[in-house]
Amino acid sequence: MTAPLPVRPPDPPGEPAPTLSRTPAEAVPETPSGAPEQRRPSRLLAPLRETGKLFALGLAVARAIFRRPFQLREFIEQFWFVASVTILPAALVSIPFGAVIALQVGSLTQQLGAQSFTGGASVLAVIQQASPIIVALLISGAAGSAICADLGSRKIREELDAMEVMGVSPIQRLVVPRVLATMLVAVLLNGLISVVGTLGGYFFNVIMQNGTPGAYLASFSALAQLPDLYVSELKALIFGFIAGIVAAHRGLNPRGGPKGVGDAVNQSVVITFMLLFFVNMVLTAIYLQIVPAKGG
């Protein structure tokens, strides 16, 4: 026969059951259902976190540009794609932009009695402001949305996770060629838009406002200078970088499956527009302070 197991005597009435004590570090708040409560990040800090992630991605891309191997084939494919979807819209949009600026500036100079300066004022407005803005809007709206959708679809299919498991960096393999393609296309498109916009402004000023070709060209040579073209190309280069980084950032961080990819595309376009206008204001203010006006 086996010995009977000892039975613990019942607790006397009025005494609480013994509980395990926890140190303050081990204490976890519990919900009414008994499950441990998890701290949720504050929504007020969400924009700051997203901004930090965006800057971190920009720095990572800037470092990865100089690392080997460089994805030359991917870069060429992306360059051709971005150029093919933006060249024709850029040429078509630059004509009415140049025409509107030339007509508005021509009407204002007629009221002031300075019609001879119409050419210089309108061309400077097209080269310094209109051309980089048009490039930025087209790059972010046409190419940036496609880049964001491509990366977002790869993310929800877990292709990017598979690349990281195999030791391939998605930033160096996919993001860097796309960002460089947007930057190069932006610089080239800026030159195209400047030429087409200037020709459109010349046509509308001479034909519709009875301006003289000689005065148009003379005022342009009297007011314009080479740094105006330099700052325009610099703006286009920076705008192309911003458009590519924002599109890549939203494409790498979609939320909610396929619907989240569509939302990320819309967000990338809106965020890019806001950043571009702000950066354009800052660059213009710095340029006007550093570079003196011609003849000043």
Side-chain angles (χ1 to χ4, degrees), residues 38-62 64 71 74-75 77-86 89-90 93 132-165 168-183 185-186 189 236 238-281:
Q38 297 181 355
R39 290 186 178 181
R40 296 182 178 180
S42 175
R43 294 183 178 180
L44 299 177
L45 300 179
L48 295 179
R49 285 193 296 270
E50 292 298 323
T51 304
K53 292 179 181 178
L54 183 63
F55 276 95
L57 179 61
L59 293 176
V61 171
Q71 305 298 328
E74 185 76 16
F75 168 74
E77 292 178 356
Q78 294 300 319
F79 173 83
W80 176 251
F81 167 74
V82 175
S84 63
V85 299
T86 54
V93 170
I133 291 295
I134 294 173
V135 168
L137 298 182
L138 290 175
I139 291 292
S140 60
S145 58
I147 291 173
C148 182
D150 179 37
L151 294 177
S153 61
R154 291 172 183 262
K155 180 66 175 180
I156 64 174
R157 292 197 303 263
E158 299 181 353
E159 292 183 13
L160 303 183
D161 298 334
M163 293 176 63
E164 292 179 353
V165 170
V168 179
S169 174
I171 293 179
Q172 187 174 5
R173 178 64 178 82
L174 300 176
V175 177
V176 170
R178 286 163 170 78
V179 173
L180 289 179
T182 56
M183 293 172 64
V185 173
L189 275 183
I238 295 176
F239 293 168
F241 179 78
I242 293 176
I245 290 296
V246 174
H249 171 67
R250 296 308 305 148
L252 295 175
N253 301 278
R255 298 176 182 176
K259 182 180 181 300
V261 176
D263 296 338
V265 171
N266 296 332
Q267 293 171 5
S268 69
V269 175
V270 174
I271 294 173
T272 304
F273 284 3
M274 295 174 60
L275 288 177
L276 292 177
F277 284 110
F278 176 76
V279 174
N280 179 64
M281 178 193 68

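In this structure, the side chains of Ile134 and Leu138 come closer than 4.5 Å at one or more pairs of heavy atoms. At least one side-chain heavy atom of Leu54 sits under 4.5 Å from a side-chain heavy atom of Leu275. Within the 4.5 Å cutoff, the side chain of Arg173 has heavy atoms near those of the Gln71 side chain. Within the 4.5 Å cutoff, the side chain of Val179 has heavy atoms near those of the Met183 side chain. Proximity of His249 to Ile271: side-chain heavy atoms (C-beta onward) are nowhere separated by under 4.5 Å. Using a 4.5 Å heavy-atom threshold, the side chains of Leu276 and Ile133 count as separate. Between Val93 and Leu137, every side-chain heavy-atom pair lies at or beyond the 4.5 Å cut-off. A 4.5 Å side-chain heavy-atom check between Val165 and Asp161 finds every atom pair outside the cut-off.
Residue Phe239 holds its CZ atom at 14.0 Å from CG of Leu189, rounded to the nearest 0.5 Å. Note that CZ of Arg178 and CD of Glu77 are 9.0 Å apart. Values are rounded to the nearest 0.5 Å. Interatomic distance, OG1 of Thr182 versus CZ of Phe81, reported as 12.0 Å (0.5 Å rounding). Distance CD/Gln78 to CG/Asp150: 7.0 Å, rounded to 0.5 Å. To the nearest 0.5 Å, the span separating NZ on Lys155 from CZ on Arg255 amounts to 12.5 Å. Note that the CD atom of Glu74 and the CG atom of Leu180 stand 11.5 Å from one another [nearest 0.5 Å].
Looking at every heavy atom in both residues, Val265 comes nearest to Ser145 through CG1-CB, 3.6 Å. The two residues Ala248 and Leu57 have their closest heavy-atom pair at C-CD2, 4.1 Å. Nearest heavy atoms, Phe75 versus Ala181: CE1-N, 3.6 Å. In this structure, Pro254 and Gly152 approach most closely via the heavy-atom pair CG-O, 4.1 Å. When all heavy atoms of Ala186 and Ala236 are compared, the closest pair comes out as CB-O, 3.4 Å. Nearest heavy-atom pair, Ile245 versus Gly58, reported as atom, atom and distance to 0.1 Å: CD1-CA, 3.9 Å.
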Show your working on side-chain contact (heavy atoms from CB on, under 4.5 Å) between Val185 and Phe79 and close with a plain yes or no. CA-CA 7 Å; Val185 173; Phe79 173 83; 3.4 Å; yes
Do Val270 and Asn266 pass the side-chain contact (heavy atoms from CB on, under 4.5 Å) test, and can you show the C-alpha distance, the side-chain angles, and the key distance before you say yes or no? CA-CA 6 Å; Val270 174; Asn266 296 332; 5.6 Å; no
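Remark: the backbone N or O of Val269 is not paired with any side-chain donor or acceptor of Ser140 at under 3.5 angstrom.
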